Protein chains: 2
Amino acid sequence: MIDESSEPGAEYAGDTAGAASDGDTERRILHAARNVFVRRGTAGARMQEIAAEAGVNQALLHYYFRSKERLAAAVFREAASRLVPEVVRILGSALSLEEKVEGFVHAYIDTVRQNPFLPGYVLAELHHHPERLTALREISRVQPSDALRTLRERLAAELEERARSGSMRRIPVDQFIVNVASLCVFPFAARPVLDAALGFDDEAFERFLDERREALPSFILAALRP
Amino acid sequence: MIDESSEPGAEYAGDTAGAASDGDTERRILHAARNVFVRRGTAGARMQEIAAEAGVNQALLHYYFRSKERLAAAVFREAASRLVPEVVRILGSALSLEEKVEGFVHAYIDTVRQNPFLPGYVLAELHHHPERLTALREISRVQPSDALRTLRERLAAELEERARSGSMRRIPVDQFIVNVASLCVFPFAARPVLDAALGFDDEAFERFLDERREALPSFILAALRP
DNA sequence: GTCTATATTGTGATAGAC
DNA sequence: GTCTATCACAATATAGAC
């Protein structure tokens, strides 16, 4: 049973179905719910399993979150809230393009490594529940200075300037964004396929990530050389 | 209601809940099942919805496939059987590395474009049902000459030779494979995110794919220059 | 092979005691 | 706030006529 969380001070046995009413119960439930939703998907998750993993009764889930759907929405919001601000923070920085690429690759791999199944969960969730997009949009809108739209424009200007000065090949900004995102996110989202196709186990995957963390920035930048 | 299939001669209204017993019923059911499983996920799919979309009764699903689980397994096998051989075919060809990269990008985008939600479905399915990996492995094993292992070795040799001759930068073969796969697959798997982050609609996504089909090979090869 | 019931279990949700 | 017990219905699966 993998604990996908990494909050400090979050250790309690999943099957402690007694009086473990120390910390915040609501947080315990949300935490258990994330684990279950991440590994089973929203439709496959069972309220009973969440209750057991939180060490509480099933009725409490409804007391705190009213319905499975609301609980699922809360979990998704929380997961997306971990990823979006991190992305915005890096891209919004005043670094050079080269530093941004390296900073993004490093920060993304370092962050997601602690919750390696989050990307797969978020993608699967969006695939099967397009209505979650509104939550994503809201999170993005709340970001300082309406970040996503602004960041895209700034990045486009930077790429254009580099192309004009001849220090980089011209590349459409959307292609560039998707390239970087692809190279960072896909290995996590496709973890099971990598296990099958390349024979990875946990340890091999960790080594692969170490190697990737170092090699990816120069791979990306090399592709942009004129 | 999107029809994710592209088999020739497969047009019947989904709500024709009458006597449409022309073609092969089993195939009709499998076809409808794929549509429903792809958009709802295995756990979220309802046998009733599949029956309705196939224009038959729910009991027939059990007559042909015995249980939902077996039907799900059949759908997954069929989906994976579309993707794996295509990949093997291209990589196994006797082309140069440059031609292989271009051939793979073109073939993958051209193929998957007709079933743009397949990658998302396969990834989500593997994420939530790791047991499906065995099916993937079986399909891979059946490929001529135990293809996957062999292909990886051949590719590694090719990359090594290029590195030795100085015509390409050295890159670990697994990183290279994952890079190419990431850049091709991710845009499909993350379609909803692209819609949200870059404001794509169906038409914009198609234009994006056209552009990508042409730009991606040179992006990849440029990254490998010494 | 295909249909109309119907059996049977699973599962989200609520009532009400403590 | 937390529990036990239970409701109500959704969903898979089967029986049996045609």
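This structure is a prediction, so every number in the text was calculated from the model and none was measured. Naming: A, B, ... by sequence-line order, numbering from 1 per chain. Reckoned from all heavy atoms, side chains included, excluding hydrogens, waters and symmetry mates.
Aromatic ring orientation, B:F219 versus A:F219: perpendicular (interplanar angle above 60°, classes split at 30° and 60°). Below 30°, between 30° and 60°, or above 60°: for B:F188 and B:F205 the angle between ring planes is above 60°, a perpendicular geometry.
Contacts of A:A43 with the nucleic acid, taken as non-hydrogen atoms under 4.0 Å apart, are absent.
Comparing atom distances between the B:M47 side chain and each of D:dT12, D:dA15, D:dC3 picks out D:dT12 as nearest. Nearest to the side-chain atoms of B:S67 among the listed nucleotides C:dA13, C:dC3, D:dA13 stands D:dA13.
Distance, B:R66 CZ to D:dA15 P: 9 Å, rounded to whole Å. The interatomic distance linking A:L71 (CG) with C:dG12 (P) rounds to 11 Å, in whole Å. A straight line from CG of B:L61 to P of C:dT2 spans 12 Å, rounded to a whole angstrom. Rounded to whole angstrom, the span from the CD atom of A:Q58 across to the P atom of C:dA13 amounts to 9 Å. D:dT6 atom P lies 14 Å from atom CG of A:N57, rounded to whole Å. As rounded to whole Å, 5 Å separates atom P of D:dC3 from atom CG of A:L60. When rounded to the nearest whole Å, the span between CZ of B:F65 and P of D:dA11 equals 21 Å. The interatomic distance linking A:R28 (CZ) with D:dG1 (C1') rounds to 12 Å, in whole Å.
OP1 or OP2 of C:dG12 sits under 4.0 Å from a side-chain N or O of A:R46. The shortest distance between the side-chain N/O atoms of A:Y63 and the OP1/OP2 oxygens of C:dA13 is not below 4.0 Å. When the side-chain nitrogen and oxygen atoms of B:H62 are compared with OP1 and OP2 of D:dT14, none of them lie within a distance under 4.0 Å. Phosphate contact (OP1/OP2 of D:dT2, side-chain N/O of A:T25, threshold under 4.0 Å): present.
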Practice problem: Apply the test salt bridge (charged side-chain N to carboxylate O under 4.0 Å, His left out) to residues A:D210 and A:R113: give CA-CA distance (whole Å), side-chain angles for both, the deciding distance (0.1 Å), then the verdict. | Solution: CA-CA 10 Å; A:D210 287 334; A:R113 216 175 196 177; 2.7 Å; yes
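Checked for salt-bridge contact, B:R207 and B:E214 miss the test: no charged N lies under 4.0 Å from a carboxylate O. A salt bridge links A:R89 to A:E86: at least one charged side-chain nitrogen sits closer than 4.0 Å to a carboxylate oxygen.
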